[in-house]
Amino acid sequence: MSSKKRRHKNNNENIDAIETMTLSQITETYGIPRKMVRRFFPNPKLKHYRDRSGKMRTVELWPKNKVLKAVNYKAVKDYIDKKKQEEEDRLIIDEIMTIYEQYSPEVYIEQARKLRRTFVLHVGPTNSGKTYDAIQDMKKNTPGTYLGPLRLLALEMYDKINASGIPCSMVTGEESLITENAEIISSTIELCDFRKHFKTAVIDEAQLIADPFRGAAWLKAICLVDADVVHVCMAPEAEKYIEKLVKSFGATYGIVRHERLSPLYFGGICSGYEDLRPGDALICFSRKSVLSTAALLEKNGFKASVIYGALPPEARRNEVSKYLNGETNMVVATDAIGLGISLPIKRIIFTEIEKFDGRQFRTLTTAEVNQIGGRAGRYGLNEYGEVLSMIDVPVIDAKLGGTVRSIKAACIAFPREVLNTEYPLRLLLKAWQKMNREEGFVRENVQEAEVLLKSLKGVDGLENNRELVYDLITCPVDTKTNELVEYFVKCAKAILTGKMVPLPSFGTDTLRECELEYKAYDIRHQLLRRIGVQDNSMRKRQEICDRISELMLQDKDEYIRRCKVCGKELPIGSMFDYCEDCFFIE
């Protein structure tokens, strides 16, 4: 038989009859990727032959019996199944994305056109009195509602409005404080009551309309809050976008531009403890840095209140009260101070210029420097404000007072209507994340909901209780803290199976345990609220806050950051975990 005929026969022989297989045959027949073949069979048999031109060639051959065994290896099988599932998912996701195209923000805009409202757009930097003016008008024209970004802000307004003699209630995701015959409701923006009619509504910090996680709440409130007059308070970068949005409703509106009430200056470098003064606020960007800085200040004769994101709202309020009452004479805070905490601070001092945004460490933006630095020099309490830096002074100098890029898009919410379709919930979320940005709008980020849904994998009844499951996975949970995700899973499983929701058990011996315990109680409260069950944990949460206050009064020496090599105390604002001497050791 000629060589030509032999080759023809080999190319067509049945795959079942051969004893060895080439790489191409393995990948095409069994779907095992090349890298997996080489991983399990690193030493193939090499066969040499001459091609038609007479040139020597080499082919890799694997025994077929070993290949068949590999197909059943768990790692290979899982990989193949995963690839098949991804391909099936891709086709379904393409279908879902065509459905999402019909859920346009135009739906909100059409509904907004039916409401007869007048808008007052208050535009100005931090400490320009825009929110104050809006609140004053609301107090004259009740019933009213205040909608802000933080529970702490809602609580501050609740206190101030009641102190002025006008009964006010507060409603947030964490608690409700109901005042008899309340004329005003102060709430976080997600809890806006769209069923009630108000004479006046105040929507605060409206530049957050662009936030990919929460911005949809501002878009909905501006479009649909039912009030005769709607005051929208915003930073200058939001003016053009929100004006365009209000114009699309056909509503009448006016713009009130506010100038900062007290001058703000850049004061240069703060070189150390000798440059610090009572009334200063030092800005850090992690819990660890805040506690270390506060401990170092106390060792050098200062008393500091601390404010950071993981601190429960009531504990933050206690820290603010200690400063206002003179129990402390300085503040150490993260950028949590940038929104709505009104303190008589004359100087803001940046100890760091980088923050972790959930994905990477990055330099502060112009908007962040302005928002935080603007807290210096509270009008009526200080003649002027001053901003200093302990590190990279030119960066803060260049960004303070700089122009912030205008907002180009608002966030639109995930459409709950699609929960009634036949598509799996995980694919509904994945398809939403893959949707392209629509002109003028960005899609709500549902990444954290995806993480929580994945954590519930294997729980029975997920697809049969989609509305409930979606309510549970959109509960605010710190998905970067494994302990809290695990507690969420226990609670969600209990709810889905009709069992008693467990109480947290993180303890209260340390500050971190207290923070976890409080957050866990908050998760439990939020989940129970979503199924209409009254949670009676306010007393327990208050006890945790009281315990945090006790721990704050104790010696903070254990929080001081020290060199990992020699154990020496690291100075405020140190960017590294080593002192200078150890850092430069060869």
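Every heavy atom of this structure was used, including side-chain atoms; hydrogens, water molecules and symmetry mates were not.
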Determine whether E156 and L150 satisfy the following criterion, side chain to side chain contact (heavy atoms under 4.5 Å, CB included), listing intermediate values before the conclusion.
CA-CA 10 Å; E156 181 182 334; L150 301 172; over 6 Å; no
With the threshold set at 4.0 Å, does a side-chain nitrogen-carboxylate oxygen contact exist between D535 and R529?
no
Minimum heavy-atom separation for C545 to Y518, with atom names?
SG-CE1, 3.7 Å
Are the side chains of Q447 and T479 in touch, meaning some heavy atoms are under 4.5 Å apart?
no
Counting C-beta onward and ignoring hydrogens, is there a side-chain heavy-atom pair between N445 and Q433 closer than 4.5 Å?
yes
Given 3.5 Å as the limit, does a donor-acceptor pair link the side chain of E352 with the main chain of C284, or not?
no
Would you confirm whether N465, through its side chain, and L468, through its main-chain N or O, come within 3.5 Å as a donor-acceptor pair?
no
Under the side-chain hydrogen bond (donor to acceptor under 3.5 Å, both in side chains) rule, what do Q542 and R539 come out as? Steps first, then yes or no, please.
CA-CA 5 Å; Q542 184 58 53; R539 179 180 295 178; over 6 Å; no
Distance (rounded to the nearest 0.5 Å) between E513 CD and L516 CG:
8.0 Å
First locate atom CG of D204, then atom CG of L153, and finally report the distance between them rounded to the nearest 0.5 Å.
6.0 Å
So, S186 side chain and M170 main chain: donor-acceptor pair closer than 3.5 Å or not?
no
Report yes if the side chains of S187 and L147 come closer than 4.5 Å at any heavy-atom pair, otherwise no.
yes
Hey, does M234 have a side-chain heavy atom less than 4.5 Å from the side chain of Q207?
yes
Any salt bridge between R416 and D471, counting N to O under 4.0 Å?
yes
Quick one, W218 and P149 - any side-chain contact, counting heavy atoms below 4.5 Å?
yes
Between T29 and M21, is the side chain to side chain contact (heavy atoms under 4.5 Å, CB included) condition met? List the steps.
CA-CA 10 Å; T29 306; M21 301 183 73; 4.3 Å; yes
Salt bridge flag under 4.0 Å for residues K480 and D478
no
Close side-chain approach of L570 and C563, heavy atoms under 4.5 Å
yes
So, does E517 use its side chain to make a donor-acceptor pair with the main chain of F506 at under 3.5 Å?
yes
Please test L46 against E60 for side chain to side chain contact (heavy atoms under 4.5 Å, CB included), starting from the C-alpha separation and ending with a verdict.
CA-CA 5 Å; L46 301 179; E60 294 176 319; 3.8 Å; yes
Is R524 reaching over with its side chain to a backbone N or O of V501, donor-acceptor style, under 3.5 angstrom?
yes
T22 side chain to Q25 backbone, donor-acceptor under 3.5 Å:
yes
Taking all heavy atoms of I523 and all of C475, pick out the closest pair and write down the distance.
O-SG, 4.1 Å
Distance (rounded to the nearest 0.5 Å) between L527 CG and Y487 OH:
8.0 Å
Any donor-acceptor N/O pair, T366 side chain to V404 backbone, under 3.5 Å:
no
Testing the basics here: between E463 and Y423, what is the closest heavy-atom pair and its distance to 0.1 Å?
OE1-O, 4.3 Å
Is there a donor-acceptor contact under 3.5 Å from the side chain of S286 to the main chain of S289?
yes
What are the two closest non-hydrogen atoms of F488 and V477, and how far apart are they?
CD1-CG2, 4.0 Å
Minimum side-chain heavy-atom gap Q526-P476 below 4.5 Å
yes
What is the minimum heavy-atom distance between A221 and F194, and which atoms define it?
CA-CE2, 3.9 Å
Going from CG on L219 to CG on L208, what distance comes out if it is rounded to the nearest 0.5 angstrom?
13.0 Å
Can you tell me how far the CD1 atom of I93 sits from the CZ atom of R426, to the nearest 0.5 Å?
8.0 Å
Step-by-step salt bridge (Lys or Arg N to Asp or Glu O under 4.0 Å) determination, R512 to E515
CA-CA 5 Å; R512 186 172 188 275; E515 291 164 4; over 6 Å; no
For the pair T27 (side chain) and S24 (backbone), establish whether a donor and an acceptor sit closer than 3.5 Å, ignoring hydrogens and angles.
yes
Tightest non-hydrogen contact, residues Y158 and C168, listed as CE1-O, 3.1 Å
Residues R362 and E368 bridged, charged N to O under 4.0 Å
yes
May I ask you to check whether E87 and Q85 show a side-chain donor-acceptor distance below 3.5 Å?
no
Donor-acceptor under 3.5 Å (Y100 side chain, L428 main chain):
yes
Is the closest basic N to carboxylate O distance between R316 and E319 below 4.0 Å?
no
Residue among L472, L425, L456 satisfying side chain to side chain contact (heavy atoms under 4.5 Å, CB included) with L462:
L456
Side chain to side chain contact (heavy atoms under 4.5 Å, CB included) evaluation trace for C233 with V202
CA-CA 8 Å; C233 306; V202 176; 4.2 Å; yes
dist I185:CD1 -> L191:CG (nearest 0.5 Å) comes out at 10.5 Å
Side-chain heavy atoms of K220 within contact of C192, under 4.5 Å:
no
